[in-house]
Amino acid sequence: MMKHFFTLTVFLIASSSLPCSAQDTGFPFVLPTEKPNRPMSAAMERNYSAYLAPRPENNELYSQFKYTRLKGFDYNHHDGTISRRDPSKVIFANGKYYVWYTHRETPTPPKGAAASTDTVPSSDWDLSDIWYATSEDGFTWEEQGVAVPRPPKPNVGWRSVSTTDILVWKGKYYLYYQGFMEASGKRGDDCPVAVSYADSPDGPWTPHEKVVIPNGGEGEWDQYSIHDPYPLVYQGKIFLYYKSDFDGDPRLVRMQGLAIADNPLGPFEKSPLNPVINSGHETTLFPFKTGIAALVIRDGNEHSTVQYAQDGVNFEIASITGLMPNAGGPFVPDAFTDTKDGRGITWGISHFTNATGNWKKNHSILARFDCDLSLDLHDPQMKRTGYYFRPDIYFSQHLSKDQRQRITNDTRMLRAK
Ligand code: AAL
């Protein structure tokens, strides 16, 4: 008898401590648009605290991505001798769109560091120059030719200039790019960042001939590579995000850092909080509301996410998505306006590496991506969460021989018990 009285007492005390709403019913059938006043699990707390909306279709920083083949670029029948990759952000000037990118045109496809020569590339971005193209509609492009050629030895980038991005600052144009002083892969994908400038997006471009974003000090995360320079204008300064590969081959870790300057030619001061993004590969960012948003792709714990930093430094996951653009160079109308009301993005140019799936003809192609990461667009077709892939796509991601052998051994051990 006492046991039942005790249980009833505990239940009444416990019940009385719950808000009255939770006493009566379970979680409501109609998903509340605002955080409900009731005890919730960690997952439901997160659903209301971590994302801009409790469901993805209303989350301005969630989107699917759609891809379109571009017209106007010739790839020598995809034999690996011409490659275009790592596009810049897209800008609109003189009544048309502009994009800059790594252009490799070599007698052979890449052959690796050991076999590389003055004419044989080690990697897909070795022995490259920065070219550019223009477009009336963002789908059909007209290649204009070289913007920044490799400079003569010993200037920074004499071996290869690649992976560029554009900054427009006080009416002048600046192209930041990786400057290789040896064939990529000789020691690692090691390079600093250099810059050239012009009065017009059509050039002529003047090289600054100094390293503008230096490698880190010995033993520091970015001691060897400063990749994917990505400048935005934010808080009245140049916020240049970049990626570095560290922890050493073949277990490379890729994270993203930030360097800030008042002048496009530097000095740039690296954030003491670097790395500021703990995952990702190439850098793709844009002003959003009062902060900065980032597409975080491919590598690291938080790959396949869109992230947001209210201060441009401390990034949090804003959504989880898929099939993200590799090396995305979005069209960001307010990339350089020092906006306090970033409107987001709806399209850009990205790349596909090893475009034919044949490493012996390795080369990359540019492509267009579209999305709805914009406060000024509401496209429900971009806000779906499901993708349909035919079964053969799944079967193409098959077990390796070692995995099959491990499974065979496991079954054999089970049978032997
Ligand atoms: C890209 C970028 C940088 C690297 C190589 C070419 O995805 O991260 O540019 O150096 O790969």
S.K.: State, with a plain yes or no, whether a side-chain heavy atom of Ile365 is found less than 4.5 Å away from one of His78.
M.R.: yes
S.K.: Under a 3.5 Å threshold, yes or no: a donor from one side chain and an acceptor from the other, between Gln310 and Asn314?
M.R.: no
S.K.: Donor-acceptor pairs under 3.5 Å, side chain of residues 264-273 to any protein atom, not counting sequence neighbours: which ones?
M.R.:
| residue | atom | partner | partner atom | Å |
| --- | --- | --- | --- | --- |
| Lys270 | NZ | Pro214 | O | 2.8 |
| Lys270 | NZ | Asp222 | OD2 | 2.7 |
| Ser271 | OG | Leu273 | N | 3.0 |

S.K.: Does a side-chain heavy-atom distance below 4.5 Å link Tyr176 with Ser88?
M.R.: no
S.K.: Verify whether one side chain among Gln144 and Asp202 offers a donor that lies under 3.5 Å from an acceptor in the other.
M.R.: no
S.K.: Would you say the side chains of Ser196 and Tyr177 form a donor-acceptor pair under 3.5 Å?
M.R.: yes
S.K.: With no hydrogens and no angle check, is any side-chain donor or acceptor of Ser319 less than 3.5 Å from a backbone partner on Leu61?
M.R.: yes
S.K.: Do Thr284 and Ile297 come close enough that some side-chain heavy atom pair is under 4.5 Å?
M.R.: no
S.K.: Would you give the length of the straight line joining atom OH of Tyr241 to atom CD1 of Ile277, rounded to the nearest 0.5 angstrom?
M.R.: 7.5 Å
S.K.: Nearest 0.5 Å please: distance from the OG1 atom of Thr106 over to the CD1 atom of Ile82.
M.R.: 9.0 Å
S.K.: Within 45° of the ring axis of Phe27 and under 6.0 Å from its six-membered ring centre, is that where the NZ or CZ of Arg38 lies?
M.R.: no
S.K.: So that I know where these two stand, are Tyr97 and Trp347 an aromatic pair - ring centroids less than 6.0 Å apart?
M.R.: yes
S.K.: With a 3.5 Å distance limit and no angle check, can you tell me whether Ser304 reaches the backbone of Gly322 through a side-chain donor-acceptor pair?
M.R.: no
S.K.: Starting at OG of Ser279, measure out to CZ of Arg254 and round the result to the nearest 0.5 Å.
M.R.: 12.0 Å
S.K.: Lys383 versus Asn58: any side-chain heavy-atom pair under 4.5 Å?
M.R.: no
S.K.: Report yes if some heavy atom in the side chain of Ile345 is under 4.5 Å from a heavy atom in the side chain of Cys371; otherwise report no.
M.R.: yes
S.K.: Using side-chain heavy atoms (C-beta onward) and a distance below 4.5 Å, is Met44 in contact with Pro54?
M.R.: no
S.K.: Take atom CZ of Phe395 as the centre, draw a 6.0 Å sphere, and report whether it contains more than 12 heavy atoms from other residues, nucleotides or ligands.
M.R.: no
S.K.: Can you label the angle between the Trp100 ring and the Tyr132 ring as parallel, tilted or perpendicular, going by 30° and 60°?
M.R.: parallel
S.K.: Rounded at 0.5 Å granularity, tell me how far CE in Met40 sits from CG in Asn47.
M.R.: 8.5 Å
S.K.: Are Ile213 and Pro229 close enough that some pair of their side-chain heavy atoms sits under 4.5 Å apart?
M.R.: no
S.K.: For Gln403, look at atom CD and say whether over 12 heavy atoms of other residues, nucleotides or ligands are found less than 6.0 Å away.
M.R.: yes
S.K.: I'd like to know if the side chain of Asp338 and the backbone of Gln235 have a donor-acceptor N/O pair within less than 3.5 Å.
M.R.: yes
S.K.: Atom OG1 in Thr108, atom NZ in Lys361: separation rounded to 0.5 Å?
M.R.: 13.5 Å
S.K.: Can a donor-acceptor pair be found between the side chains of Arg412 and Asn409 at a distance below 3.5 Å?
M.R.: yes
S.K.: Here's a test for you: under side chain to side chain donor-acceptor pair (under 3.5 Å), which of Ser364, Ser184, Ser162 qualifies with Trp125?
M.R.: Ser184
S.K.: Do the numbers put Lys89 on top of the ring of Tyr230, so that NZ or CZ is under 6.0 Å from the six-membered ring centre and no more than 45° off the axis?
M.R.: yes
S.K.: Is it the case that Thr81 and Asp79 place a side-chain donor and acceptor less than 3.5 Å from each other?
M.R.: yes
S.K.: Are any side-chain N or O atoms of Asp199 and backbone N or O atoms of Gly203, one a donor and one an acceptor, separated by less than 3.5 Å?
M.R.: no
S.K.: Can you tell whether the side chains of Arg343 and Asp376 come within less than 4.0 Å, N to carboxylate O?
M.R.: yes
S.K.: Go through the side-chain N and O atoms of Asp165 and Tyr242 and say whether any donor and acceptor fall under 3.5 Å apart.
M.R.: no
S.K.: Is Asp126 paired with Arg104 through a side-chain N to carboxylate O contact shorter than 4.0 Å?
M.R.: no
S.K.: Can you check whether Gly386's main-chain N or O pairs, donor with acceptor, with Gln64's side chain at less than 3.5 Å?
M.R.: yes
S.K.: Has Glu45 got more than 12 heavy atoms of other residues, nucleotides or ligands less than 6.0 Å from its CD?
M.R.: yes
S.K.: Do NZ/NE/NH1/NH2 and the carboxylate oxygens of Arg84 and Glu143 come within less than 4.0 Å?
M.R.: yes
S.K.: Find the distance between CD (Gln307) and CD (Glu302) and round it off to the nearest 0.5 Å.
M.R.: 4.5 Å
S.K.: Give a yes or no on this: more than 12 heavy atoms of other residues, nucleotides or ligands lie within 6.0 Å of atom CG of Asp118.
M.R.: no
S.K.: Distance-only, no hydrogens or angles: does the Gln256 side chain make a donor-acceptor pair with backbone N or O of Val276 under 3.5 Å?
M.R.: no
S.K.: Between Leu232 and Pro287, is any pair of side-chain heavy atoms under 4.5 Å apart?
M.R.: yes
S.K.: Check this for me: Asn301, atom CG, are more than 12 non-hydrogen atoms of other residues, nucleotides or ligands nearer than 6.0 Å?
M.R.: no
S.K.: Just by modelled atom types, is the Ala318 backbone N or O under 3.5 Å from a matching donor or acceptor in the Asn59 side chain?
M.R.: yes
S.K.: So does Ser244 get a backbone contact from the side chain of Ser225, meaning a donor-acceptor N/O pair under 3.5 Å?
M.R.: no
S.K.: Can you confirm whether or not the ring centre of Tyr51 sits under 6.0 Å from the ring centre of Tyr62?
M.R.: no
S.K.: Looking only at atom types and distance, does a side-chain atom of His103 sit under 3.5 Å from a main-chain N or O of Tyr101, one as donor and one as acceptor?
M.R.: no
S.K.: Could you walk me through whether Phe286 and Leu373 pass side chain to side chain contact (heavy atoms under 4.5 Å, CB included), step by step?
M.R.: CA-CA 10 Å; Phe286 51 93; Leu373 293 171; 4.1 Å; yes
S.K.: Just to verify, which of Arg85, Arg298, Lys243 counts as forming a side chain to side chain donor-acceptor pair (under 3.5 Å) with Glu282?
M.R.: Arg298
S.K.: Taking NZ, NE, NH1 and NH2 as the nitrogens, is one of them in Lys289 or Asp341 under 4.0 Å from a carboxylate oxygen of the other?
M.R.: no
S.K.: Would you check if the side chain of Asp129 reaches a backbone N or O of Arg150 as a donor-acceptor pair within less than 3.5 Å?
M.R.: yes
S.K.: More than 12 non-hydrogen atoms from neighbouring residues, nucleotides or ligands closer than 6.0 Å to NZ on Lys210, yes or no?
M.R.: no
